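Every chain is numbered from 1, with letters handed out A, B, ... down the list of sequences. Quick caveat: nothing in here was measured; it's all calculated off a predicted structure.
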Amino acid sequence: MSTDFQPKSDFLAVLKERGYIHQCSDFAGVDDKAKAGELIAYIGFDATASSLHIGSLLQIMMLRWLQKTGGKPIPLMGGGTTQVGDPSGRDESRKLLTLDQIDANKNGIRQVFTKFLTFGDGKTDAVMTDNAEWLTALNYIHFLRDVGRHFSVNRMLSMDSVKMRLDREQELSFIEFNYMCLQSYDFVELNKRYGITLQMGGSDQWGNIVMGIDLGRRMGTGQLYGLTSPLLTTASGAKMGKTASGAVWLNSDMLPVYDYWQYWRNTEDADVGRFLRLFTELPMDEIRRLENLGGAEINEAKKILANEATAMLHGRASADEAAETARKTFEEGVLSTALPTIEVTRSEFEAGIGVLTAFVKAGLVASTGEARRQIKGGGLRMNDAAVSDERATLSAADLTGEGVVKLSMGKKKHVLLKPV
RNA sequence: GGGGGAAUGUCCCGAGCGGCAAAGGGGGCGGACUGUAAAUCCGCUGGCUUAGCCUUCGCAGGUUCGAGUCCUGCUUCCCCCA
């Protein structure tokens, strides 16, 4: 596991150069497979929400690079494992999702993959899989006899994730043991069905992946491999993908394209190079040039990062539109009608909407109380003028030439209110 | 089975002599300064129809003019002994 390993395959060369690799069970083994064009790999995604968020993007990019370098990517939907619920997030009673919720979530998640991967029947075409297919049909006794006997509790107890819990005297439920086993079993099952030999994932998945490799050896799959990506944090140490309004979702119905673009635009200086490598496909020498821009010039690099990352997910046209909206809003101070817009009926508007209510409707604040506080702190603006009177009411006089009212919270968040 | 602790503002951690919308952090949001960055400084961080009203301290009762605080029972978690 030397970090100075020199890959011969395009796949590992790209991953290494761009910073996707944290650990690998056997660099040379994966390298040979990739070099021979025989690499088939999977990454599992649990369906805990109706969209994946930025945290999963790194994983998706690995699958994308695999495909581009001649391998076959297999995204695995955790339709079965989600029913068990991965308790590794710790915490008390994690509410179990209903089957309906899981189904709905799977549909939401599935869309994203089609944007990053090419699906089909060809050699390097991606195939969508779902572990509900085999896990839900498992019979407990059969599973114990065929698979369970290969797990050593002694060994499981020595795993980091488990040891940590035990050391801290935190609850470790039996269900968690099972989760690890199911994930291991997935690996073996996917090997049988698709000839998969590599499982990738975040660094927190290392233990589970290694268990899968081990199970494979005992169940006669031939040599399996594991490769993990580093846990991403921003340069100032925050977990990636959280914003004020929650996670940075990949589905546009959960997070408008404009907001997605803004997320990347607001990257910290120190992260620009790293993010360009991981989340865009720009050539390396171009990235090196961009990340070395000094002072305010690095903003150009941030725009390119935002454009490229957004184009990959939402398409070039949407990315351009978001960039143009941002340019008008921030650089020219001109109103762009492409800002996120919420509509109210004309009769409701004419009846008079209070400013407090308007900001709540726009989703800029969570309650009228918060709106009041923000007004006191000078944080709310209407058509770029600070709101000072919380009793004010919107009227036709507030409509701009475009027939909208621009509501802003802070300097960066803008929503248009449009009577229809 | 016996004994001893713990549960607080629904993001987290955490103080709280019977007068409490409840100390202090972290995180988050806003303002200032900047470059839509970081760092720094300042403000805010239960809800509403806001001179007021309503709802919060594991759950259910009780004492009291008044309970996060005292009493009783219950639930969950932790520690010690067996």
Side-chain angles (χ1 to χ4, degrees), chain A residues 87 89-95 165-173 233-248 256 258-276 290-307 309-310 322-334 336 339-340 351-382 384-393 407-415:
Chain A
R90 206 201 85 71
D91 260 357
E92 66 282 358
S93 55
R94 177 179 296 253
K95 12 182 170 11
R165 294 280 191 88
L166 294 179
D167 289 349
R168 292 189 193 166
E169 291 173 344
Q170 282 172 342
E171 164 81 1
L172 175 71
S173 69
T233 54
T234 68
S236 31
K239 243 186 239 163
M240 252 199 93
K242 297 281 173 168
T243 67
S245 39
V248 181
Y258 174 75
D259 290 338
Y260 188 76
W261 192 92
Q262 280 294 324
Y263 176 80
W264 294 109
R265 174 62 184 84
N266 287 309
T267 298
E268 293 176 31
D269 288 6
D271 286 327
V272 171
R274 200 158 50 106
F275 289 0
L276 281 168
L290 290 171
E291 71 181 330
N292 285 324
L293 290 174
E297 290 196 337
I298 191 121
N299 281 324
E300 289 311 310
K302 292 184 190 180
K303 285 179 202 167
I304 292 172
L305 168 63
N307 286 339
T310 306
E324 178 59 12
T325 302
R327 196 184 62 76
K328 278 188 186 167
T329 306
F330 287 94
E331 293 175 23
E332 291 181 18
V334 174
S336 166
L339 285 169
I353 298 174
V355 264
L356 301 177
T357 317
F359 277 94
V360 173
K361 267 182 184 299
L364 290 169
V365 293
S367 65
T368 61
E370 188 187 346
R372 282 195 172 86
R373 279 179 237 119
Q374 287 296 355
I375 287 173
K376 284 194 191 106
L380 297 188
R381 278 168 299 130
M382 188 167 86
D384 298 319
V387 177
S388 54
D389 179 10
E390 61 181 50
R391 290 166 194 279
T393 303
L407 303 175
S408 314
M409 160 134 131
K411 292 198 193 65
K412 296 182 191 172
K413 278 170 284 185
H414 311 280
V415 171

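Comparing B:C12 with B:G27, their P atoms are spaced 16 Å from each other, to the whole Å. Taking atom C1' on both nucleotides, B:U56 is separated from B:G47 by 10 Å, rounded to a whole Å. Comparing B:C71 with B:A6, their P atoms are spaced 12 Å from each other, to the whole Å. For the P atoms, the distance from B:U8 to B:G58 is 6 Å, rounded to whole Å. Taking atom C1' on both B:A21 and B:C44, the two are 15 Å apart, rounded to the nearest angstrom. The same atom, P, is picked in B:G1 and in B:G46; the two are 43 Å apart, to the nearest Å. Taking atom P in both B:G5 and B:U72, the straight-line distance is 13 Å, to the nearest Å. Rounded to the nearest Å, the gap between the C1' atom of B:U50 and that of B:C54 is 12 Å.
A heavy atom lying under 4.0 Å from RNA chain B marks the following residues of residues 360-368 of chain A, by number: A:S367, A:T368.
Taking both residues in full, the closest heavy atoms of A:F330 and A:H414 are given as CZ-NE2, 4.3 Å, listed atom of the first, atom of the second, then distance. Taking both residues in full, the closest heavy atoms of A:A309 and A:Y260 are given as O-CE2, 3.9 Å, listed atom of the first, atom of the second, then distance. Scanning all heavy atoms of the two residues, the minimum distance from A:T329 to A:S336 falls at OG1-CB, 4.2 Å.
Nucleotide B:A21 is matched to nothing when pairs are restricted to Watson-Crick or G-U wobble geometry with both distances under 3.5 angstrom. When both distances must be under 3.5 Å, the Watson-Crick or G-U wobble mate of B:U40 is B:A32. Searching all strands for a Watson-Crick or G-U wobble partner of B:G1 with both distances below 3.5 Å returns B:C81. Across all strands shown, B:C70 forms a Watson-Crick or G-U wobble pair, both distances under 3.5 Å, with B:G62. Nucleotide B:U49 is matched to nothing when pairs are restricted to Watson-Crick or G-U wobble geometry with both distances under 3.5 angstrom.
Using modelled atom types, no side-chain atom of A:T357 and backbone atom of A:I353 make a donor-acceptor pair closer than 3.5 Å. In terms of modelled atom types and a separation under 3.5 Å, the side chain of A:D271 and the main chain of A:T267 share no donor-acceptor contact.
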Please list, pair by pair, any protein nitrogen or oxygen found under 3.5 Å from a nitrogen or oxygen in nucleotides 51-54 of chain B.
none

Every protein N/O within reach of nucleotides 42-45 of chain B N/O, cut-off under 3.5 Å:
none

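A:L407 places its CG atom 15 Å from the P atom of B:G30, with the value rounded to the nearest Å. Put simply, CD on A:E370 is 15 Å from P on B:G28, counting in whole angstrom units. When the P atom of B:G46 is taken as reference, atom CZ of A:R372 falls 15 Å away, rounded to whole Å. For A:E268 and B:U36, the CD to P distance is 16 Å, given to the nearest whole Å. Computed from coordinates, the A:E297 CD to B:A37 P distance equals 17 Å when rounded to whole Å. In this structure, the NZ atom of A:K413 is 6 Å from the P atom of B:C29, given to the nearest Å. With rounding to whole Å, A:E390 atom CD is found 10 Å from B:U49 atom P. What separates CH2 of A:W264 from P of B:A37 is a distance of 17 Å, to the nearest Å.
Judged by distance alone, the side chains of A:N307 and A:W261 do bring a donor and an acceptor atom under 3.5 Å apart.
In textbook terms, a nucleotide whose glycosidic angle is within 90° of 0 is syn, and B:C20 is one such case.
In this structure, the nucleotide among B:U36, B:G35, B:A38 sitting nearest to the side chain of A:Q262 is B:U36. Relative to the side chain of A:K411, the nucleotides B:C29, B:G31, B:A37 differ in distance, and B:G31 lies closest. When distances are taken from the side chain of A:M409 to each of B:U36, B:G30, B:G35, the shortest belongs to B:G30. Of the candidate nucleotides B:U36, B:A37, B:G35, B:U36 has the atom lying nearest to any side-chain atom of A:F330.
Counting only heavy atoms from C-beta outward, the side chains of A:L290 and A:E300 never approach each other to under 4.5 Å. Side-chain contact between A:T368 and A:F359: absent, with no pair of heavy atoms (C-beta onward) separated by less than 4.5 Å. Looking at A:L407 and A:V387, their side chains never come closer than 4.5 Å, going by heavy atoms from C-beta outward. With contacts defined as side-chain heavy-atom distances shorter than 4.5 Å, the pair A:L339/A:V415 does not qualify.
Between A:L380 and A:K303, the one whose closest nucleotide on RNA chain B sits nearer the 5' end is A:L380. Residue whose closest nucleotide on RNA chain B sits further toward the 5' end, between A:R381 and A:K412: A:R381.
The number of heavy atoms from other shown groups lying within 6.0 Å of NZ (A:K303) is above 12.
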Applying salt bridge (Lys or Arg N to Asp or Glu O under 4.0 Å) to A:E324 and A:R327, what does each step give before you reach the verdict? CA-CA 5 Å; A:E324 178 59 12; A:R327 196 184 62 76; 2.9 Å; yes
Before giving the answer on side-chain contact (heavy atoms from CB on, under 4.5 Å), spell out for A:R265 and A:N299 the whole-Å C-alpha distance, their side-chain angles and the decisive distance to 0.1 Å. CA-CA 8 Å; A:R265 174 62 184 84; A:N299 281 324; 3.4 Å; yes
Go through A:D269 and A:K302 one step at a time and tell me if the salt bridge (Lys or Arg N to Asp or Glu O under 4.0 Å) criterion holds. CA-CA 8 Å; A:D269 288 6; A:K302 292 184 190 180; 2.8 Å; yes
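Counting non-hydrogen atoms under 4.0 angstrom, A:G369 reaches a base of the nucleic acid. Residue-level contact check: A:K302 touches the bases, meaning some heavy atom is under 4.0 Å from a base atom.
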